[in-house]
**Student:** 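Okay, handing you the structure first.
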Amino acid sequence: MLNEADFAALWLTFKIASLSTATMLLLGTPLAWWLARTSSRWKGICNALIAMPLVLPPTVLGFYLLILMGPNGVVGQLTENLGVGTLPFTFGGLVVASVLYSLPFVVQPLQASFSAIGRQPLEAAATLRASPLDTFFSVVLPMAKPGFLTATILGFAHTVGEFGVVLMVGGNIPGKTRVVSVQIYNHVEALEYPQAHWLAGGLLVFSFTVLLILYSVLKTQPNSQPFR
Amino acid sequence: MKTSAITARFQLKYGDFRFDVDLQLPGSGVTVLLGSSGCGKTTLLRCMAGLEQPPQGKFSINGNVWQDSEKNLFIPTYQRNLGYVFQDANLFPHLTVLDNLSFGLKRIKKVQTNHDKFTVVTELLGINHLLDRMPERLSGGEKQRVAIARALMLNPAILLMDEPLASLDSKRKQEVMPYLLKLQQEFNIPIIYVTHSQEEAAQLADTLVLMKNGHVQASGKVSDTLGRIDLPLSKEKDAAVVWQAVITRHEPEYRLTNVESKGGNLSLPMTDMPLGTKLRVQIHARDVSITLQAPSQTSILNVLPATITGITDDQDGQTVVQLQAGQLTLLSHVTRKSTQLLALKPGLPVFVQIKGTSLLH
């Protein structure tokens with residue numbers, strides 16, 4: 001069965017994934033809203049940058065983050081000057097890396113559902129005395145609920161499943177940066193197959209369950225199935 | 001400021017499309033913006049609402065200025081006291097009918113009057129039984145009635161309607177039309193109504209604005225504008241004038257109703273509306289024929305004395321004759337040959353035989 005180190009890894013994974021998901025939603029919502037509405041020439045560049053983790057090997061992203069956030073990197077020097085120290089091999093560093101790595105999984109569904117709303121409901125709200133901010137909270141957010149659900153679940157699940165970036169940026173420090181995926185790797189390295197089975201199987205079941213819930217909820221959402 | 005309570009002046013350019021409008025409109029009654037698609041009528045409506053922000057523009061209603069580009073003034077839509085009905089209802093899909101209706105009410109302060117207003121409006125539009133429904137469970141006509149109610153809830157200073165019937169089939173149109181007519185009687189606010197349907201214009205308009213290629217072709221009282229022979233409208237197959245009339249007598253044995261108008265008395269197909277009801281009668285130019293002498297033996301009931309006031313000839317051997325009957329204008333489509341045989345010319349006193357009339361409401 002699972003030992004203490006496994007539980008520590010599970011708990012750490014959960015913390016990182018939750019915090020990253022929350023951060024991604026906070027950053028991703030205005031970003032996705034802007035991308036869905038703008039015709040700025042920066043849109044293409046922005047979209048490409050956000051989507052990069054989808055095609056890059058995680059090690060590439062991890063490598064650059066390691067350098068950027070390290071003592072000689074721009075970000076590293078900034079964080080040191082701010083008195084936070086350097087981020088690699090810390091919990092904070094993992095969260096930052098996870099956010100960048102999983103951001104497309106949050107921004108893209110949000111952007112798609114914001115675009116799908118179109119300008120019509122926004123105009124209706126404006127003719128009914130709702131200010132733009134009011135409209136965002138009373139019309140856009142509720143109408144984009146399926147998008148938020150997808151974004152949250154995909155962002156969370158994808159963060160749970162990351163490995164390459166974690167290994168590069170976080171290393172393998174028990175209780176601090178050793179997440180489940182790394183722990184599985186450790187078990188396999190040590191030929192502890194039964195424990196690797198428990199964790200790997202657990203992740204498998206988790207991913208399937210989460211996606212199953214997502215797709216069945218989306219199916220019953222009225223907004224994603226317009227009645228004609 | 002006696003009649004022109006609304007000033008609308010906008011200039012806009014989208015690529016090749018130049019939009020340039022300068023209008024003075026009355027502060028009451030229904031103004032219909034009529035034109036084919038792409039003529040800019042919806043753009044004009046959107047400019048009035050502030051949904052478009054033309055670089056050059058001035059819009060004021062009853063002394064309230066909502067846009068004046070010279071003074072760099074532009075009141076955003078959500079601060080304008082208006083009601084807007086979109087072509088496809090545009091209800092919020094995530095809210096019930098009740099929540100759609102109260103969306104605007106929650107955002108204005110006059111809580112006291114809100115309750116009464118709510119009851120009046122929902123009753124007027126006959127949507128009380130729909131309040132719990134989600135918009136997706138409404139028919140097209142019901143959706144549009146809810147949308148109209150939603151716009152009226154806020155007691156707007158002006159009601160802007162963008163082809164509210166265009167997306168409905170003819171049965172649904174007939175279902176919603178009576179509510180539009182009631183609207184006009186119950187609420188003393190100016191209504192600007194965009195449509196491409198001459199039929200709807202004839203039924204609803206007090207003032208008619210004809211638009212083409214981003215410009216105003218003509219504007220004025222509906223009775224005057226429809227009777228103008230310098231406009232292409234008068235040559236169309238469906239060219240017609242609209243007369244106001246009052247019911248004076250029913251002849252049940254003949255299934256007829258007599259009405260009195262400033263153009264003369266007419267017999268119409270029987271209606272069950274009571275005596276004294278004011279209504280609109282539409283007379284198509286194709287149903288009006290001209291005789292030089294009063295016909296003594298004719299099957300046509302509606303014969304009126306009239307004077308020719310204008311004639312235009314088009315290329316297809318057809319002439320449009322404009323006549324004055326009593327105080328009202330009438331159009332007649334006559335072949336060029338008949339015009340020559342009868343020597344029709346302006347000033348000539350004649351008789352018109354009206355073969356058919358339709359009661360608009």
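Order of the sequence lines fixes the chain letters, A, B, ..., with proteins taken first and strands second; residue numbering starts at 1 for each chain.
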**Student:** Could you tell me which portion of R150(B) (side chain, backbone, both or neither) has an atom closer than 4.5 angstrom to a non-hydrogen atom of chain A?
**Tutor:**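 Looking at R150(B), backbone and side chain both touch chain A.
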
**Student:** Just so I understand: if I count every heavy-atom pair under 4.5 Å between each of L95(B), D88(B), L160(B) and chain A, which residue has the most?
**Tutor:**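 Greatest number of close heavy-atom pairs with chain A: D88(B).
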
**Student:** Using non-hydrogen atoms and a 4.5 Å limit, figure out which bit of S138(A) sits close to chain B: side chain, backbone, both or neither.
**Tutor:**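 Its backbone and side chain both get close to chain B.
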
**Student:** Is it the case that Q183(A) and D6(A) place a side-chain donor and acceptor less than 3.5 Å from each other?
**Tutor:**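 Checked: Q183(A)/D6(A) side chains pair up, N/O donor to acceptor below 3.5 Å.
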
**Student:** Y14(B) vs F17(B) aromatic rings, parallel, tilted or perpendicular, using cut-offs 30° and 60°?
**Tutor:**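 Y14(B) vs F17(B) ring planes: parallel.
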
**Student:** Look at the rings of F14(A) and F156(A) and say which category their plane angle falls in: under 30° parallel, 30 to 60° tilted, over 60° perpendicular.
**Tutor:**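 The arrangement is perpendicular - the two ring planes meet at more than 60°.
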
**Student:** Do the ring planes of F114(A) and W33(A) sit parallel (below 30°), tilted (30 to 60°) or perpendicular (above 60°)?
**Tutor:**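 Perpendicular.
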
**Student:** Find out whether the Lys NZ or Arg CZ of R80(B) is both under 6.0 angstrom from the six-membered ring centre of F59(B) and within 45° of the ring's axis.
**Tutor:**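 Pair R80(B)/F59(B) does not count as cation-pi.
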
**Student:** If you count heavy-atom pairs under 4.5 Å between each of V85(B), N90(B), T77(B), L82(B) and chain A, which one has the most?
**Tutor:**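 Of V85(B), N90(B), T77(B), L82(B), N90(B) has the most heavy-atom pairs under 4.5 Å with chain A.
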
**Student:** Of all of M134(B), R46(B), Q79(B), which one pairs up most often with chain A through heavy atoms under 4.5 Å apart?
**Tutor:**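 Top option by heavy-atom pairs under 4.5 Å: R46(B).
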
